[in-house]
Amino acid sequence: MQKVVLITGGSRGIGKAIVEKFANSGFKVAFTYNKNANLAQEIVTDLNNSDIIALQADVSDFNRAKEVVKEVKARFGQVDILVNNAGIKIDKSFLMMTQDDWRQVVTTNLDGVFSYAKAVMFDFLKRSSGNIINISSISGVIGLPGQVNYSASKAGIIGFTKALAKEVAKQNIRVNAVCPGFIETEMLDTIPQNLKDNLIQAIPLKRVGNIKEVADLVYFLASPDSSYITGQVIVIDGGLSLG
């Protein structure tokens with residue numbers, strides 16, 4: 001039986017790579033996007049797969065999360081795996097950070113994880129089966145200047161992951177977190193080359209990661225090969241967090 005994965009924020013970057021990995025591996029895939037319907041539809045068209053759907057959703061909307069899960073169940077029967085990937089950044093110094101800057105980032109990044117986990121959890125508990133993979137960040141592990149709001153939200157995801165994993169393990173539900181470091185995405189492309197070169201020198205492996213490497217890790221955590229792994233925070237950063 002084909003498994004069903006729901007991925008939030010799947011229209012670009014790491015999220016898109018995760019969507020493609022699961023779709024090309026025989027899963028039924030549902031993913032959310034926030035605003036760009038054309039981009040989301042392009043992914044569906046390019047994958048040329050009848051078992052993939054794109055659903056518009058602002059992940060900070062708790063009620064919409066419940067609706068999305070209902071729509072996925074109506075199309076595919078159930079949700080087996082949830083990948084909480086959607087997130088935003090509003091980087092600036094703490095002194096210049098407004099209350100709105102704080103709330104937007106925390107509401108999207110942390111509340112979104114809560115909302116979608118909550119939306120699938122009843123069915124997971126009823127079946128005594130389920131898998132949640134939360135995309136955190138190296139910023140939530142070591143903290144980064146200019147990212148107080150982002151670091152706080154991503155650190156919150158780590159605490160959420162560990163606590164929920166302990167709570168639901170007895171029902172055969174696994175919960176893990178992935179913490180990417182600097183990954184080659186559109187966001188990284190905006191950094192001037194000289195700054196990027198300095199950044200690479202600080203990474204022990206002397207390169208940035210690529211989105212496929214992150215997607216492969218997420219896929220592993222969703223697979224039976226990781227069946228004895230739960231409550232873990234797996235860093236994929238080329239050694240940057242080693243100090």
Please say yes or no: joined through hydrophobic side-chain contacts below 4.5 Å, possibly via intermediate residues, are [X] and [Y] part of one cluster?
X: Y150; Y: L110; value: no
X: V178; Y: I14; value: yes
X: L47; Y: I81; value: yes
X: I18; Y: F31; value: yes
X: I211; Y: L205; value: no

Side chains of [X] and [Y] in contact at under 4.5 Å (non-hydrogen atoms):
X: V218; Y: I135; result: yes
X: F27; Y: F76; result: no
X: I234; Y: N176; result: no
X: N34; Y: I88; result: no
X: F22; Y: I52; result: no
X: I53; Y: E71; result: no
X: V235; Y: I138; result: yes
X: K16; Y: I43; result: yes

Do [X] and [Y] pair up side chain to side chain, a donor and an acceptor below 3.5 Å, judged on atom types alone?
X: Q104; Y: D100; result: yes
X: Q193; Y: D197; result: yes
X: E213; Y: N210; result: yes
X: T32; Y: R64; result: no

Give a yes or no answer on whether the side chain of Q78 reaches the backbone of V4 with a donor-acceptor pair at less than 3.5 Å.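 Looks like no, no N/O pair under 3.5 Å.
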I'd like to know if the side chain of S151 reaches the main chain of V148, judged simply by a donor and an acceptor atom lying under 3.5 Å from each other, with no hydrogens or angles considered.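 No, S151 side chain to V148 backbone: no donor-acceptor pair under 3.5 Å.
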Nearest 0.5 angstrom please: [X] [atom1] to [Y] [atom2], how far?
X: Q147; Y: S139; atom1: CD; atom2: OG; result: 4.0 Å
X: Q56; Y: S11; atom1: CD; atom2: OG; result: 10.5 Å
X: R174; Y: S226; atom1: CZ; atom2: OG; result: 3.5 Å
X: S129; Y: K3; atom1: OG; atom2: NZ; result: 5.0 Å
X: E20; Y: Y219; atom1: CD; atom2: OH; result: 14.5 Å
X: T230; Y: L221; atom1: OG1; atom2: CG; result: 9.5 Å

Under the side chain to side chain contact (heavy atoms under 4.5 Å, CB included) rule, what do D80 and N131 come out as? Steps first, then yes or no, please. CA-CA 7 Å; D80 298 293; N131 195 335; over 6 Å; no
Tell me, yes or no, whether the heavy-atom count around [X] atom [atom1], taken from other residues, nucleotides or ligands under 6.0 Å, exceeds 12.
X: K170; atom1: NZ; result: yes
X: E167; atom1: CD; result: no
X: K92; atom1: NZ; result: yes
X: R127; atom1: CZ; result: yes
X: F62; atom1: CZ; result: yes

Can you name the nearest heavy-atom pair linking [X] to [Y], along with the distance?
X: N84; Y: G112; value: OD1-O, 4.1 Å
X: S241; Y: I142; value: CB-CG2, 3.9 Å
X: G239; Y: D237; value: N-OD1, 2.9 Å
X: A23; Y: N49; value: O-ND2, 3.6 Å
X: A30; Y: V72; value: CB-CG2, 3.6 Å
X: V105; Y: N149; value: CG2-ND2, 3.5 Å

List, one per line, each side-chain donor-acceptor pair under 3.5 Å for residues 155-164, sequence neighbours excluded.
unit_1: T161; atom_1: OG1; unit_2: N134; atom_2: ND2; d: 3.0
unit_1: T161; atom_1: OG1; unit_2: I157; atom_2: O; d: 2.8

Using the rule side-chain hydrogen bond (donor to acceptor under 3.5 Å, both in side chains), only one of S137, S60, S153 pairs with N109; which is it?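 Single pass found, and it is S153.
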So among K212, R207, K196, which one has a salt bridge (charged side-chain N to carboxylate O under 4.0 Å, His left out) with E184?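 So the option named by the test is K196.
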Evaluate the criterion side chain to side chain contact (heavy atoms under 4.5 Å, CB included) for residue pair K66 and V69; output intermediate values, then yes/no. CA-CA 5 Å; K66 292 187 287 185; V69 170; 6.0 Å; no
Name each donor-acceptor pair under 3.5 Å that joins a side chain in residues 114-126 to protein atoms two or more places apart or in another chain, with its distance.
unit_1: S115; atom_1: OG; unit_2: D111; atom_2: O; d: 3.0
unit_1: D123; atom_1: OD2; unit_2: K73; atom_2: NZ; d: 2.6

